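What follows is a set of notes on a single structure, which appears directly below.
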Amino acid sequence: MLQVSIYRYNPETDAEPRMQDFQVDTGGKDVMVLDVLEQIKAQQDSTVTYRRSCREGVCGSDGLNINGKNGLGCITPLSETVRDNKLVIRPLPGLPVVRDLVVDMSLFYAQYEKVQPYLQNNTPAPAIERLQSPEDREKLDGLYECILCACCSSSCPSFWWNPDRFIGPAGLLQSYRFLADSRDTATEERLSRLDDPFSVFRCHGIQNCVNVCPKGLNPTRAIGHIRNMLLSRAA
Amino acid sequence: MVKVVTSFGRSGVSDWLVQRVSAVILLAYFLFVAWVLLAGVSYTEWKGLFEATWMRVFSLMALLSLGAHAWIGMWSVLTDYLTERMLGSKGNVLRILAQLLTTLALFVYVVWGVQILWGY
């Protein structure tokens, strides 16, 4: 029997959060962490609350803190995380808890919004699509794949302390995705909004984001690129 | 763009660059001083070393680097932990107070350092 400990908190009825223990029979199968949650919800306690949708690592809904490390419940097999038969599931750190494992992502989205994550091009629209060379398209690899699960930003101490000022790894990865896009013409405006000691430079390069990204992306490298762009435009 | 008024250079790029350059200067200085000390130095040799203008310039450069480096570093730490977000309204008061103390200490050290370097 797998020993599962789940963070429970209902702000409407509970004075403070608590950990609730469950025993789960996985039938010896190496299932995903999300399967364990589903089994608990179906068989033991239907009030356990979490977000999930695609259950295959595409939607980014079930970002959780699993045995101390952020990840997607749906693509984290027990064999990868369980030691000594124990599974501890908590909500993503640093974000306000709405209920149990569900966090309020408003601050995270506000930072995402700040980087204006859409293509900006003020030149007249061509009759066909705006074309891009294969080389220029390649520059977006490792950037566009982000699913905004918030595993990275909520594992970043700089984001924990300043979620309203530091854009965070997820937002900065998307920021660079548009800075690196050959079709985007707002590079200068984008950079001038980032040149303060918080937005980009609160990153101290500890690479927690790289360590947890379920899609294997590297926000620290993207932040390095942004820093270099800011440096080369500065007099 | 986040508005800042108490950081060293007001700009992220500037602070970042100053932090890196000052770190290199400090590393060079402390390695040099460590090398002199480990090689064995008498009082007269040590005094002679600090009477040379280049050593005084080098020392002052290291001292100013230390001031800038500490300002930027302490500012980063204080704006992480002593904030309105972390401590409520007293956060800002505590932070400004801590920043004033840091600045005052750095100012005293720099002036005192200049006096030591050129006063004897």
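Chain letters run A, B, ... following the sequence lines, proteins first, then strands; residues in each count from 1. Since the structure is predicted, the reported quantities are computational estimates derived from the model, not experimental observations.
When heavy atoms are compared at a cutoff of 4.5 Å, B:Leu17 approaches chain A solely by way of its side chain, counted from C-beta outward. Residue contact with chain A, scored on non-hydrogen atoms closer than 4.5 Å, involves the backbone and the side chain of B:Ser76 alike. No part of B:Phe8 comes within reach of chain A, as not one of its non-hydrogen atoms sits under 4.5 angstrom from that chain. Contact annotation for B:Val4: only side-chain heavy atoms (C-beta onward) come within less than 4.5 Å of a heavy atom of chain A. When heavy atoms are compared at a cutoff of 4.5 Å, B:Thr79 approaches chain A by way of both its backbone and its side chain.
Closest of all the heavy-atom pairs between A:Pro197 and B:Ser11 is CG-C, 4.1 Å. The nearest pair of heavy atoms linking A:Trp160 to B:Arg85 is O-NE, 4.3 Å.
In this structure, A:Arg90 places its CZ atom where only 12 or fewer heavy-atom neighbours from other residues, nucleotides or ligands lie under 6.0 Å away. Around atom OH of A:Tyr118, more than 12 heavy atoms belonging to other residues, nucleotides or ligands sit under 6.0 Å away. For B:Phe50, the CZ atom sits in a packed shell: over 12 heavy atoms of surrounding residues, nucleotides or ligands are nearer than 6.0 Å. Within a 6.0 Å sphere centred on CZ of B:Phe32, heavy atoms belonging to other residues, nucleotides or ligands number more than 12. For A:Glu188, the CD atom is densely surrounded, since the number of other residues' heavy atoms within 6.0 Å is greater than 12. Remark: B:Trp118 CH2 is packed, more than 12 non-hydrogen atoms of other residues, nucleotides or ligands lying under 6.0 Å away. No more than 12 heavy atoms of other residues, nucleotides or ligands sit less than 6.0 Å from atom CH2 of B:Trp112. Within 6.0 Å of CD in A:Glu113 there are 12 or fewer heavy atoms belonging to other residues, nucleotides or ligands.
How far CG of A:Asp195 is from CE of B:Met1: 5.0 Å, rounded to the nearest 0.5 Å. Separation of atoms CH2 (B:Trp16) and CG (A:Leu231) is listed at 5.0 Å; rounding is to 0.5 Å.
Proximity of the aromatic rings of B:Trp75 and A:Phe198 is defined here by a centroid distance below 6.0 angstrom, and this criterion is met.
The pair A:Arg202-B:Asp80 meets the salt-bridge criterion, with a side-chain N (NZ, NE, NH1 or NH2) lying under 4.0 Å from an Asp/Glu carboxylate O.
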